*Asks:* 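My questions all concern the structure below.
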Amino acid sequence: MSYGPISVAIESSSSLFTKILHYTQSTNLPKGQSLHAHLIKIGSSSSCIYLSNSIVNLYAKCHRLSDAHLAFQEIQNKDVVSWNCLINGYSQSGRRDSSISVLKLFKQMRQENALPNPHTFAGIFSAVSSLGDAGFTGKQEHCLAFKLGYLSDVFVGSSLLNVYCKAGRNHIVEARKMFDEMPERNSVSWTTMISGYAWQRLVKEAVGVFRVMLWERGDDANEFVFTSVLSAIALPEFINVGKQIHCLSLKNGYLWTVSVANATVTMYAKCGSLDDACSAFELSSEKNSITWSALITGYAQNGDCEKALKLFSEMHYSGMNPSEYTLVGVLNACSDFDALREGKQVHGYLLKLGFEPQMYILTALVDMYAKCGNISDARSGFDYLKEPDIVLWTSMIAGYVKNGDNENAMGMYCRMLKEGVIPNELTMASVLKACSSLAALEQGKQIHAHIVKHGFRLEVPIGSALSTMYAKSGSLHDGNLVFRRMPARDLVSWNSMMSGLSQNGCGTDALELFEEMLLEGTKPDYVTFVNILSACSHIGLVERGWSIFKMMSNEFGIEPRLEHFACMVDMFGRAGKLYEAKEFIVSAASQVDHGLCLWRILLSACRNYRNYELGAYAGEKLIELGSQESSAYVLLSSIYSALGRLEDVERVRRLMNLRGVSKEPGCSWIELKSQFHVFVVGDQLHPQIIHVRKELWKLSKLMKDEGYKPHFDPCLELEEL
DNA sequence: ATAGGGTTAG
């Protein structure tokens with residue numbers, strides 16, 4: 001009869017239990033693990049359900065989900081707490097795959113007839129809410145929780161509220177109804193509702209709930225409430241509300257928590273007031289990497305990339321370690337600043353710090369390489385991932401568009417659709433841009449069909465990209481229809497519609513649109529004037545063009561750029577006012593560094609009007625300035641030959657050879673039955689070249705029969721040789 | 001005795 005060993009076992013078991021709790025709370029994994037080993041050794045790990053559950057919880061809280069799962073499977077007599085520890089471990093990781101595991105576990109739990117309790121549902125709903133609208137399966141679980149009578153539990157209620165809040169615009173009204181009907185609400189419920197509205201960019205509603213809360217339950221406010229409501233304010237028009245909340249947080253003492261201070265910096269940055277963001281940053285008592293990231297990203301997003309990069313180096317010297325988010329912000333700054341060298345350094349930094357190549361990091365890298373013109377490195381980054389998400393696809397497609405490779409952009413888009421990825425608004429805008437550049441009306445129409453199919457609205461950027469596509473492809477009527485049906489037009493939409501009209505010979509309509517735009521109160525920018533001046537040039541309105549050119553700087557304070565000078569020279573040139581054009585170029589020299597561009601335009605105009613004297617003058621200017629354009633040399637030498645100045649012809653030809661300028665052969669292509677046929681000038685290689693030539697001959701004859709007279713010009717002929 | 005919900009940085 002000896003009770004000794006048993007009492008020792010019991011005693012150590014209870015002290016072991018206290019230890020596990022302690023290690024779990026302090027997430028001390030090494031100590032916890034050795035304790036687990038000890039438990040296995042003395043064989044008491046399976047004897048006591050409290051101990052076994054605590055082991056599962058230990059691993060779960062230390063983010064060792066697979067170990068938690070193993071410990072869970074070892075338990076013979078699982079109870080609801082065992083399930084809850086594992087389920088909540090998975091749901092707290094916030095990762096997508098873990099959230100899916102939660103749903104699987106729950107299904108398994110019910111198959112094994114374990115009865116969930118309110119703790120279980122809190123975890124389930126938390127996981128479901130992190131899946132957003134894509135994983136909105138909350139209805140069944142909602143019913144079950146209702147059936148079991150758990151909805152009055154404030155934990156269950158709040159987490160379920162979050163499911164509806166994160167399930168997309170369509171569910172936010174149900175969420176509000178649920179919130180209004182909750183039998184018990186605490187600060188978490190209020191935070192959830194406010195951040196739900198913030199998530200949907202429903203600023204007024206978010207601030208409204210916040211106001212009611214301060215009024216009714218001011219004592220329940222905490223830093224979470226403040227960070228949520230601040231996150232709702234992300235547009236310049238709401239900056240005054242933001243300032244009020246900022247003051248309130250200061251008055252109530254919440255500004256001294258890092259999260260509220262960070263949210264304040266972010267709020268000002270998103271509202272476009274970088275000065276306020278900067279002072280909020282400087283006044284924040286405690287800075288972490290998020291504080292720095294918020295300001296760096298703020299500068300990057302407001303176009304001040306230089307400042308963003310400078311801040312990053314300051315951060316480095318202050319000894320603060322960057323997080324992935326900081327580096328992503330810096331990468332974005334590099335992308336918009338065309339800073340490939342710095343971008344590569346950040347890439348190196350990311351590798352050095354050993355960050356997991358998560359989707360958003362890779363997206364930022366691909367975006368950076370693509371925007372900085374390094375499309376092949378962008379593509380390697382893209383190919384690295386097995387299942388690129390829509391943002392990554394869009395970055396890659398936009399990258400091709402930006403680098404002028406519209407064919408590859410379209411090819412990527414087709415591949416993306418084949419792989420079942422649903423495009424977003426930015427994807428559509430990018431591929432439409434590619435169609436515009438290719439003047440690919442048929443493909444553009446297909447994209448239009450996708451836009452209708454996916455239910456995208458004709459807002460900026462899709463609306464303006466679509467109207468541009470139609471206008472640039474020559475379908476002015478359709479372009480105008482889309483333009484008129486847009487709920488709101490921004491400057492870019494007006495500009496692109498104007499350019500469509502002007503490029504397709506409807507200069508008068510472009511000018512009318514310009515007047516309409518001014519009447520509607522939209523302020524023109526330099527692009528507007530490029531379009532308008534080019535419209536004047538195309539329809540020969542020299543006087544009008546002149547007055548608009550003057551109006552641009554006098555009335556709108558826009559200094560003329562090279563493009564405007566070019567339009568003006570073109571305008572004079574087309575109207576045959578060649579000497580005015582020359583005078584204009586000479587006078588422009590004091591205002592803009594036009595280099596070769598303006599003389600080249602004048603040279604063409606001189607050719608069209610056969611003014612060989614002035615043409616020779618312009619051509620000599622071009623050669624003097626070291627032009628690398630073959631057409632300039634060819635034109636000039638043909639002008640000299642037309643003037644009979646053979647030594648000059650010889651001189652220009654020699655110079656052309658000396659400088660290694662050569663004419664690129666003309667090339668065109670056509671897509672037939674998804675195969676591209678390419679033709680080069682004087683082509684003999686196409687397998688069906690004989691048939692092509694026969695057809696060409698037939699067409700020429702038809703043209704001549706219809707009365708077409710080819711335009712023979714000694715200059716022109718020579719140039720085309 | 002063990003287990004639960006909400007916030008900020010892309």
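Numbers restart at 1 for each chain; the letters A, B, ... are given by sequence-line order, proteins then strands. Just so it is clear, the model here is predicted, and its values are computed rather than measured.
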*Asks:* Would you indicate which nucleotide in dG6(B), dT7(B), dG10(B) comes nearest to any side-chain atom of Q301(A)?
*Replies:* dG10(B)
*Asks:* Looking for any heavy atom pair under 4.0 Å, which part of the strands does S259(A) touch: base, sugar-phosphate only, or nothing?
*Replies:* base
*Asks:* So what does V328(A) touch, heavy atoms closer than 4.0 Å: a base, only the sugar-phosphate, or nothing?
*Replies:* sugar-phosphate
*Asks:* Please report the distance, rounded to the nearest Å, between CD in Q358(A) and P in dG10(B).
*Replies:* 14 Å
*Asks:* Answer with yes or no whether the side chains of S259(A) and N262(A) bring together a donor and an acceptor at under 3.5 Å.
*Replies:* no
*Asks:* So I233(A) and K270(A), do their side chains get closer than 4.5 Å, heavy atoms only?
*Replies:* no
*Asks:* For N288(A), which contact category applies under a 4.0 Å heavy-atom criterion: base, sugar-phosphate, or nothing?
*Replies:* nothing
*Asks:* For V154(A), answer base if it contacts any base atom (sugar-phosphate contacts may also be present), sugar-phosphate if it contacts only those atoms, and nothing otherwise; contact means non-hydrogen atoms under 4.0 Å.
*Replies:* base
*Asks:* Please determine, for the side chain of S54(A), which listed nucleotide (dT2(B), dA3(B), dG6(B)) has the closest atom?
*Replies:* dT2(B)
*Asks:* If you go through the side-chain atoms of N186(A), does one of them form a donor-acceptor pair with the base of dG5(B) closer than 3.5 Å?
*Replies:* yes
*Asks:* Return the orientation label for the F312(A) and Y349(A) ring planes: parallel under 30°, perpendicular over 60°, tilted otherwise.
*Replies:* tilted
*Asks:* Under 4.0 Å between a side-chain N or O of K287(A) and OP1 or OP2 of dT8(B)?
*Replies:* no
*Asks:* Q25(A) has an atom CD; how far is it from atom P of dG4(B), in whole Å?
*Replies:* 11 Å
*Asks:* Which part of the nucleic acid, if any, lies within reach of Q92(A) when heavy atoms closer than 4.0 Å are counted: base, sugar-phosphate only, or nothing?
*Replies:* sugar-phosphate
*Asks:* Are a donor atom and an acceptor atom from the side chains of S159(A) and N162(A) found within less than 3.5 Å of each other?
*Replies:* no
*Asks:* Just to be sure I understand the rule, does S187(A) reach a base, reach only the sugar-phosphate, or reach nothing, if contact means heavy atoms closer than 4.0 Å?
*Replies:* base
*Asks:* Send over the distance from H119(A) NE2 to dG5(B) C1', rounded to a whole Å.
*Replies:* 11 Å
*Asks:* Among dT8(B), dT2(B), dA9(B), which nucleotide sits nearest the side chain of Y50(A)?
*Replies:* dT2(B)
*Asks:* Tell me, which of residues 193-221 of chain A have any heavy atom that sits under 4.0 Å from an atom in DNA chain B?
*Replies:* S195(A)
*Asks:* D153(A) has an atom CG; how far is it from atom P of dG6(B), in whole Å?
*Replies:* 14 Å
*Asks:* The side chain of N57(A) lies closest to which of these nucleotides: dG10(B), dA3(B), dG6(B)?
*Replies:* dA3(B)
*Asks:* Would you state whether a donor and an acceptor, one from the side chain of S228(A) and one from the base of dT7(B), lie under 3.5 Å apart?
*Replies:* no
*Asks:* Y360(A) on top of dG10(B)'s base, within under 5.5 Å and under 30°?
*Replies:* no
*Asks:* Does a side-chain N or O of K19(A) approach OP1 or OP2 of dT2(B) to a distance below 4.0 Å, or not?
*Replies:* no
*Asks:* State which residue, out of F125(A), F155(A), F121(A), fulfils the ring-ring contact (aromatic ring centres under 6.0 Å, His included) condition with Y150(A).
*Replies:* F121(A)
*Asks:* Side chain of N84(A): nearest nucleotide among dG10(B), dA3(B), dG6(B)?
*Replies:* dA3(B)
*Asks:* Look at the side chain of S323(A) and decide which nucleotide, out of dT2(B), dA9(B), dG5(B), has an atom nearest to it.
*Replies:* dA9(B)
*Asks:* So if I take every side-chain heavy atom of V81(A) and compare against dG5(B), dT2(B), dT7(B), which nucleotide ends up nearest?
*Replies:* dT2(B)
*Asks:* What residue among F179(A), F226(A), W215(A), F224(A) forms ring-ring contact (aromatic ring centres under 6.0 Å, His included) with W190(A)?
*Replies:* F179(A)
*Asks:* Distance only, no hydrogens: is a donor on one side chain within 3.5 Å (strictly under) of an acceptor on the other, for N57(A) and S54(A)?
*Replies:* no
*Asks:* For residues N84(A) and N53(A), is any side-chain donor paired with an opposing acceptor at under 3.5 Å?
*Replies:* no
*Asks:* With the side chain of N88(A) defined as its heavy atoms from C-beta on, choose the nearest nucleotide among dA9(B), dT2(B), dA3(B).
*Replies:* dA3(B)
*Asks:* Rounding to an integer number of Å, can you tell me how far F179(A) CZ sits from dG5(B) C1'?
*Replies:* 14 Å
*Asks:* Side-chain donor-acceptor pair under 3.5 Å between N332(A) and S335(A), yes or no?
*Replies:* no
*Asks:* Rounded to the nearest Å, what distance is computed from the CG atom of residue L255(A) to the C1' atom of nucleotide dT8(B)?
*Replies:* 13 Å
*Asks:* Which nucleotide sits closest to the side chain of T266(A): dA3(B), dA9(B), dG6(B)?
*Replies:* dA9(B)
*Asks:* Over how many whole Å does the gap from I20(A) atom CD1 to dT2(B) atom P extend?
*Replies:* 13 Å
*Asks:* NZ of K61(A) versus P of dA3(B): gap in Å, rounded?
*Replies:* 7 Å
*Asks:* Verify the contact: side-chain N or O of T291(A) to OP1 or OP2 of dA9(B), cut-off strictly under 4.0 Å; return yes or no.
*Replies:* no
*Asks:* Under a plain distance cut-off of 3.5 Å, with no hydrogens placed, do S228(A) and S195(A) share a side-chain donor-acceptor pair?
*Replies:* no
*Asks:* Between the base of dG5(B) and the side chain of S158(A), is one N or O donor paired with an acceptor at under 3.5 angstrom?
*Replies:* yes
*Asks:* Please classify the nucleic acid contact of V156(A) as base, sugar-phosphate, or nothing, using heavy-atom distances under 4.0 Å.
*Replies:* base
